[in-house]
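To keep things clear, I will list the structure first and then write my remarks on it.
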Amino acid sequence: MKSNQPPNSSLSWFDQVFEVARQIPVGKVTTYGAIARYLGTAQSSRMVGWAMNQAHQQAKYVPAHRVVNRAGLLTGKHHFPTLVMMQELLENEGLTIENDQILCFSQHFWDPSENLKF
DNA sequence: TGATTGACCAACT
DNA sequence: CAGTTGGCCAATC
């Protein structure tokens, strides 16, 4: 263990993913690539998904259900306690999901680079 | 200790 | 037009 964990300065790239994910407003969704791109590493979108895997491990609540792939598909639903939990959560926030795909995805898409831009 | 995987995206062939 | 590979950071085997 004891990987290369930074002492206590700025958050790691990994922790920044959780920070951005927590900033997603209710009823909005974003993509792995959008978060990765916001952090400056669009090609690291795979790690965003891996970060979500560790999301439940974080002390802070991370709305991983609001993070989907570029096609608006609930690719990460399989990692939730129940397969329908992710869809239920999104539908509970006013979204419409059909066949594991978010309808009107572009309308509910929330880009951190457009809302969290400095 | 090194190699592999992981909820993706984009470019190249 | 469709299939394959590269890439990034961190964790697991």
Side-chain angles (χ1 to χ4, degrees):
Chain A
M1 335 254 245
K2 191 56 188 315
S3 305
N4 190 10
Q5 191 114 6
N8 48 6
S9 301
S10 55
L11 298 173
S12 298
W13 181 93
F14 225 67
D15 293 328
Q16 293 188 30
V17 175
F18 302 129
E19 288 290 318
V20 175
R22 282 183 15 226
Q23 299 303 313
I24 303 173
V26 178
K28 295 285 184 179
V29 290
T30 188
T31 65
Y32 304 98
I35 297 174
R37 192 149 89 176
Y38 172 70
L39 298 177
T41 52
Q43 297 180 299
S44 301
S45 50
R46 285 175 39 172
M47 292 34 134
V48 177
W50 188 244
M52 293 294 113
N53 194 349
Q54 302 290 312
H56 79 98
Q57 190 179 111
Q58 298 297 315
K60 293 282 206 175
Y61 172 70
V62 181
H65 60 275
R66 293 181 195 151
V67 183
V68 296
N69 70 341
R70 184 125 171 98
L73 261 172
L74 280 57
T75 55
K77 71 168 188 178
H78 209 253
H79 291 266
F80 276 78
T82 59
L83 299 178
V84 294
M85 181 176 177
M86 189 174 185
Q87 179 174 344
E88 291 289 318
L89 288 171
L90 291 172
E91 288 181 340
N92 189 25
E93 294 181 354
L95 296 173
T96 307
I97 302 172
E98 185 173 274
N99 196 8
D100 296 338
Q101 184 176 358
I102 298 175
L103 301 182
C104 303
F105 174 63
S106 57
Q107 291 183 357
H108 301 290
F109 177 68
W110 180 83
D111 192 346
S113 62
E114 292 183 356
N115 296 272
L116 294 178
K117 66 183 176 187
F118 299 95

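When reading the values below, keep in mind they use all heavy atoms of this one structure, side chains included, and skip hydrogens, waters and symmetry mates. Naming: A, B, ... by sequence-line order, numbering from 1 per chain.
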- Query: Any side-chain heavy-atom pair from A/F80 and A/H65 closer than 4.5 angstrom?
  - Reply: yes

- Message: Between C1' on C/dC8 and CG on A/L39, what's the gap in Å once rounded to a whole number?
- Response: 12 Å

- Task: Sugar-phosphate atoms are those with a prime plus P, OP1 and OP2; base atoms are the rest. Using that split, label each nucleotide of nucleotides 8-13 of chain B B, S or - for protein heavy atoms under 4.0 Å, 5' to 3'.
- Result: BSS---

- Interatomic distance, A/N53 CG vs C/dA10 C1' [rounded to whole Å]: 11 Å

- Could you check how far CH2 of A/W50 sits from C1' of B/dG6, rounded to whole Å? 5 Å

- Message: By nearest atom, which of the nucleotides B/dA7, C/dA10, C/dC9 is closest to the A/S12 side chain?
- Response: C/dA10

- Item | Atom-pair distance (CD on A/Q58; C1' on C/dA11), nearest Å | 13 Å

- Task: Could you tell me whether the side chains of A/H108 and A/E93 share a donor-acceptor contact shorter than 3.5 Å?
- Result: no

- Item | Single-linkage hydrophobic cluster A/L74~A/M52, side-chain heavy atoms < 4.5 angstrom | no

- Separation of B/dG6 atom C1' from A/H79 atom NE2, nearest Å, is 8 Å

- Between B/dA7 (C1') and A/I102 (CD1): distance, integer Å: 13 Å

- Message: The criterion is ring pair (Phe, Tyr, Trp, His ring centres under 6.0 Å); which residues satisfy it with A/Y61, sequence neighbours excluded?
- Response: none

- Message: Between A/D100 and A/M86, is there a side-chain heavy-atom distance shorter than 4.5 Å?
- Response: no

- Message: When you compare the side chain of A/R66 with that of A/W110, does any pair of heavy atoms fall below 4.5 Å?
- Response: no

- Message: Taking C/dT5 as the reference, what is the distance to B/dT4 when you measure between their P atoms (whole Å, please)?
- Response: 15 Å

- CZ/A/F105 to CG/A/N69 distance, rounded to the nearest 0.5 angstrom? 7.5 Å

- Between A/H78 and B/dA7, is there a side-chain N or O to OP1/OP2 distance below 4.0 Å? no

- How close or far is atom P of C/dG7 from atom CH2 of A/W13, stated in whole angstroms? 17 Å

- Note on the structure: When rounded to whole Å, the CZ to P distance for the pair A/F18 and C/dA10 reads 11 Å

